[in-house]
Amino acid sequence: MIKSYINVDIILIILLSVHTIYCQDDPLTKLESTIISHGGQVLRITDSQYHAAAILHNRVIQTWPNMLIRPATFDDVSLALSTLSSLNIPIRIMGGRHSYGGYCSHQGIVTDSVLLKGLKIDLQSETVTMEAGVLWNDIYKVLNGSEHIIVGGLCPAVGVVGFTVGGGYNAMYSRSYGYASDNVLNFKMALYNGTIVTASSTINPDLYWALRGGGGGNFGFVLEMTQKIHRINQTNLPNGQYLFLNLTWVNTDIRKALNNWFTFIKEVVDFDTRISFNTIVVITNSGNFLTIWCSFNGPEVEFNSIFDSWLSKDPKPNPYNVVHYAQIDIARELAVPFPVPKREHVLSAMAINITDAMLDVILEFKPNSTHQIDAWTDFVYLHNANKDKNTAFAFPNISFDIAPGVSWLDADFDPLALDMAQTMERKLIDAAASTHSIPGAYLNYIDPYLPNWEKMYYRNNWERLREINTKYDPTWYFRFPQGIPPYFSESNISNINNNNIIVMAILIIILIIQTFYLNQ
Ligand SMILES: Cc1cc2nc3c(=O)[nH]c(=O)nc-3n(C[C@H](O)[C@H](O)[C@H](O)COP(=O)(O)OP(=O)(O)OC[C@H]3O[C@@H](n4cnc5c(N)ncnc54)[C@H](O)[C@@H]3O)c2cc1C
Ligand SMILES: *[C@@H]1O[C@H](CO)[C@@H](O)[C@H](O)[C@H]1NC(C)=O
Ligand SMILES: *[C@@H]1O[C@H](CO)[C@@H](O)[C@H](O)[C@H]1NC(C)=O
Ligand SMILES: *[C@@H]1O[C@H](CO)[C@@H](O)[C@H](O)[C@H]1NC(C)=O
Ligand SMILES: *[C@@H]1O[C@H](CO)[C@@H](O)[C@H](O)[C@H]1NC(C)=O
Ligand SMILES: *[C@@H]1O[C@H](CO)[C@@H](O)[C@H](O)[C@H]1NC(C)=O
Ligand SMILES: *[C@@H]1O[C@H](CO)[C@@H](O)[C@H](O)[C@H]1NC(C)=O
Ligand SMILES: *[C@@H]1O[C@H](CO)[C@@H](O)[C@H](O)[C@H]1NC(C)=O
Ligand SMILES: *[C@@H]1O[C@H](CO)[C@@H](O)[C@H](O)[C@H]1NC(C)=O
């Protein structure tokens, strides 16, 4: 009788000490206190800052994480990754929260880069080193007043890493200075196990190649990157400004206006990378609207002789504004509210050219006004914009990104709006098929509904990207829909959890002791 009491006592003591050890050493609690003690934050749904921190640009794909971990140092990002991956707790990486697929968030733990705000500009070497939490506008503010620009987002609230690793075009500057990914000199990245690696043309060149076009959320957590900045051309204007045109056509023959634009492109613009465009077409039941934003990175005196051949043609733009803008002014003018007041779905097709059959589809893309759905098509002109062909960005030869979009007011998820967008995309791809005018889709406009997305985003780079990810993320810790899976092997996926082994060992010891006492 006494023995069995001792037996129960001993088991209880052991269980209690296991419990105590685990409460003190619970790796998540430890991680949380370390991050907070180094100036970081951990937010849960009950925190007052949580809602503003977790809301996404596009609320239609909103998911609410259980916990946002916001490390303030690179070492704490490492610690978070090694701790969470060894516990097999899946995460997502959060940057500027502009992913159209919402892939920076999920219902579990999110590691948020927002507190990593370090930013160093060196005008001498013409480089910027920026940490993962920097948004484009942070850099535009610092560069304002200088003669330098950076290839960043037209939308100033986009995160620098998400933008750059997916290619990253600036409709107004990329024809002069390339994609953002063409301009990166090096990355610093934390792997799933916390190891921090550098990627440059000489160190881990495979990763350097993959991170320039291979897309956000793959390979690891990018901590920091260094990118080239550019002194703009001589324009006769102060403070890094140059000339912008804001051209509008309302209720005119849009097809004719677009064809005039295509002719100007073929005859002049294809030979002059100083000229760039961002063009939006909106067709409604009551009329149509075409707006072309144009930039000219050259001396103002040359402007009339270059543009007259185009702008003197009928139909003429009306109104027609000429403005002198620095990069920060464009960001202000084209800023999109965060989060968007409407729900939206945006698709994208990378096109070599736009044929008549494609134009037929684009010009019949109409909103459904009875259902409060807006529809538009954005054309970004990208001929000769890809300046470094040795990157994972898969479209060296395209001329346009055609981006049809729909937005709607009255529902979280609108199957009709989605159906409109999908139908438009299918028709456009069919119309382009016979001429091979559309080779794929733009990864930075990631589309959760895109069929055959592996080939559409990555084309011939898909297998090489998978191989590289096998080296850097062998267990596919950074997993998300439309992520790049590694090639798995038995040894690579047998990710045995150390803590489980300890718990098992303690349980076995308890069993042995118990058996020993019972046998007395
Ligand atoms: C209004 C608007 C305008 C846009 N304009 C342009 C444009 O002009 N040109 C263009 O090229 N694109 C444009 N985009 C697309 C934009 O570049 C992509 O959505 C980009 O992925 C957003 O990055 P983010 O950090 O803001 O978003 P997030 O949603 O936070 O991140 C996007 C992806 O990158 C991953 N990620 C974020 N940070 C890191 C990190 N530190 N390490 C590893 N992975 C990370 C996330 O996990 C996610 O999968 C626009 C998007 C919107 C909504
Ligand atoms: C940018 O700099 C110019 C002067 O170079 C100044 O007039 C303007 O206010 C600045 N803009 C912002 C947003 O700081
Ligand atoms: C700068 O202008 C010159 C001539 O005006 C042109 O040849 C050159 O391509 C321009 N550079 C850029 C980056 O646009
Ligand atoms: C562009 O032109 C339209 C039409 O005139 C006008 O509403 C808009 O404010 C202009 N934008 C800028 C930045 O000049
Ligand atoms: C517009 O939406 C309404 C309401 O859902 C629907 O009945 C109608 O068929 C739609 N029209 C078109 C042209 O899609
Ligand atoms: C790009 O165009 C060149 C010449 O037109 C061609 O040789 C090359 O194969 C093209 N590259 C791709 C990836 O389509
Ligand atoms: C556009 O594509 C079609 C089909 O390949 C081709 O016939 C036409 O010449 C192309 N136009 C341009 C400007 O490249
Ligand atoms: C397993 O992962 C290693 C890198 O850790 C990689 O080199 C190897 O190719 C992978 N094996 C397979 C079969 O994918
Ligand atoms: C982390 O993972 C990488 C890639 O699998 C591997 O090369 C490296 O040795 C690992 N580091 C540690 C400390 O285990």
Side-chain angles (χ1 to χ4, degrees), residues 96 116-165 167-188 200-201 212 222 224-245 272-278 293-303 322-335 380-382 384-388 391:
L116 303 170
K117 280 287 194 189
L119 175 57
K120 277 185 296 244
I121 298 200
D122 184 345
L123 292 180
Q124 213 67 42
S125 66
E126 303 194 298
T127 58
V128 173
T129 299
M130 44 206 161
E131 294 183 3
V134 170
L135 306 179
W136 286 117
N137 212 46
D138 300 329
I139 303 178
Y140 300 157
K141 277 191 212 150
V142 184
L143 282 178
N144 185 40
S146 80
E147 302 262 292
H148 285 82
I149 65 97
I150 187 163
V151 181
L154 276 190
C155 174
V158 166
V160 296
V161 174
F163 180 92
T164 301
V165 298
Y169 60 63
N170 182 303
M172 298 290 110
Y173 294 108
S174 284
R175 290 202 75 224
S176 280
Y177 303 111
Y179 284 81
S181 54
D182 298 340
N183 283 290
V184 184
L185 298 172
N186 59 66
F187 297 92
K188 195 175 277 181
S200 70
S201 61
R212 291 177 304 144
V222 174
E224 181 180 87
M225 54 184 190
T226 299
Q227 189 166 322
K228 277 182 268 178
I229 55 176
H230 300 273
R231 192 170 193 281
I232 61 163
N233 251 349
Q234 186 48 254
T235 66
N236 312 327
L237 294 169
N239 302 320
Q241 298 175 84
Y242 58 77
L243 195 126
F244 289 83
L245 296 178
D272 192 339
T273 53
R274 296 174 301 173
I275 305 170
S276 302
F277 301 104
N278 187 32
W293 266 92
C294 170
S295 64
F296 178 61
N297 184 14
E300 218 175 352
V301 288
E302 283 183 34
F303 172 75
V322 181
V323 288
H324 297 158
Y325 276 169
Q327 185 160 28
I328 197 157
D329 302 318
I330 309 164
R332 182 194 62 231
E333 289 305 326
L334 302 183
V380 179
Y381 192 63
L382 295 168
N384 282 340
N386 185 203
K387 309 292 185 194
D388 183 348
T391 70

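Positions are given from 1 along the sequence. Not measured: the values here are computed from a predicted model.
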Looking at [atom1] of [X] and [atom2] of [Y], how far apart are the two atoms once the value is rounded to the nearest 0.5 Å?
X: Asn137; Y: Ile328; atom1: CG; atom2: CD1; value: 5.0 Å
X: Ile149; Y: Glu147; atom1: CD1; atom2: CD; value: 12.0 Å
X: Asp272; Y: Asn297; atom1: CG; atom2: CG; value: 9.5 Å
X: Ile232; Y: Ser176; atom1: CD1; atom2: OG; value: 9.5 Å
X: Ile121; Y: Met130; atom1: CD1; atom2: CE; value: 9.0 Å
X: Lys188; Y: Met225; atom1: NZ; atom2: CE; value: 13.5 Å

Out of Asn183, Leu123, Val151, Thr127, which one pairs with Ile229 under the side chain to side chain contact (heavy atoms under 4.5 Å, CB included) rule? Leu123

Does any non-hydrogen side-chain atom of [Y] lie less than 4.5 Å from one of [X]?
X: Val134; Y: Ile139; result: yes
X: Arg212; Y: Tyr179; result: no
X: Val161; Y: Phe187; result: no
X: Leu334; Y: Trp293; result: yes
X: Ile330; Y: Tyr140; result: no
X: Met172; Y: Asn278; result: yes
X: Pro156; Y: Gln327; result: no

Looking only at atom types and distance, does a side-chain atom of Asn144 sit under 3.5 Å from a main-chain N or O of Ser146, one as donor and one as acceptor? no

For a side-chain contact (heavy atoms from CB on, under 4.5 Å) check, start with the C-alpha distance between Lys141 and Leu119, then their side-chain angles and the critical distance, and finish with the verdict. CA-CA 11 Å; Lys141 277 191 212 150; Leu119 175 57; over 6 Å; no

Please give me the minimum heavy-atom distance between [X] and [Y], naming the atom from each residue.
X: Gln241; Y: His324; value: OE1-O, 3.0 Å
X: Ala157; Y: Leu135; value: O-CD2, 3.7 Å
X: Cys294; Y: Ile275; value: SG-CG2, 4.2 Å
X: Ser174; Y: Gly168; value: OG-O, 4.4 Å
X: Phe163; Y: Ala180; value: CE2-CB, 3.6 Å
X: Leu154; Y: Ala171; value: CD1-CB, 4.0 Å

Check the orientation of Tyr325 and Phe244. Use parallel for under 30°, tilted for 30 to 60°, and perpendicular for over 60°.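 Tyr325 vs Phe244 ring planes: tilted.
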
Plane angle bin for Tyr173 and Tyr177 - parallel if under 30°, tilted between 30 and 60°, otherwise perpendicular: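 Aromatic pair Tyr177/Tyr173 classed tilted.
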
May I ask you to check whether Tyr242 and Phe303 place their ring centres under 6.0 Å from each other?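 Between Tyr242 and Phe303, which both carry aromatic rings, the centre distance is not below 6.0 Å.
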
Would you mind listing every salt bridge (charged side-chain N to carboxylate O under 4.0 Å, His left out) that reaches into residues 119-139, with sequence neighbours excluded?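 Every salt bridge (charged side-chain N to carboxylate O under 4.0 Å, His left out) pair that includes a residue of residues 119-139, provided the two are not neighbours, is Lys117-Asp138.
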
Is it the case that more than 12 heavy atoms not belonging to Arg231 sit under 6.0 Å from its CZ atom? no

So His148 and Val128, side-chain contact (heavy atoms from CB on, under 4.5 Å) or not? Walk me through it. CA-CA 11 Å; His148 285 82; Val128 173; over 6 Å; no

Under the side-chain contact (heavy atoms from CB on, under 4.5 Å) criterion, do Val222 and Glu224 qualify, and how do the steps go? CA-CA 6 Å; Val222 174; Glu224 181 180 87; over 6 Å; no

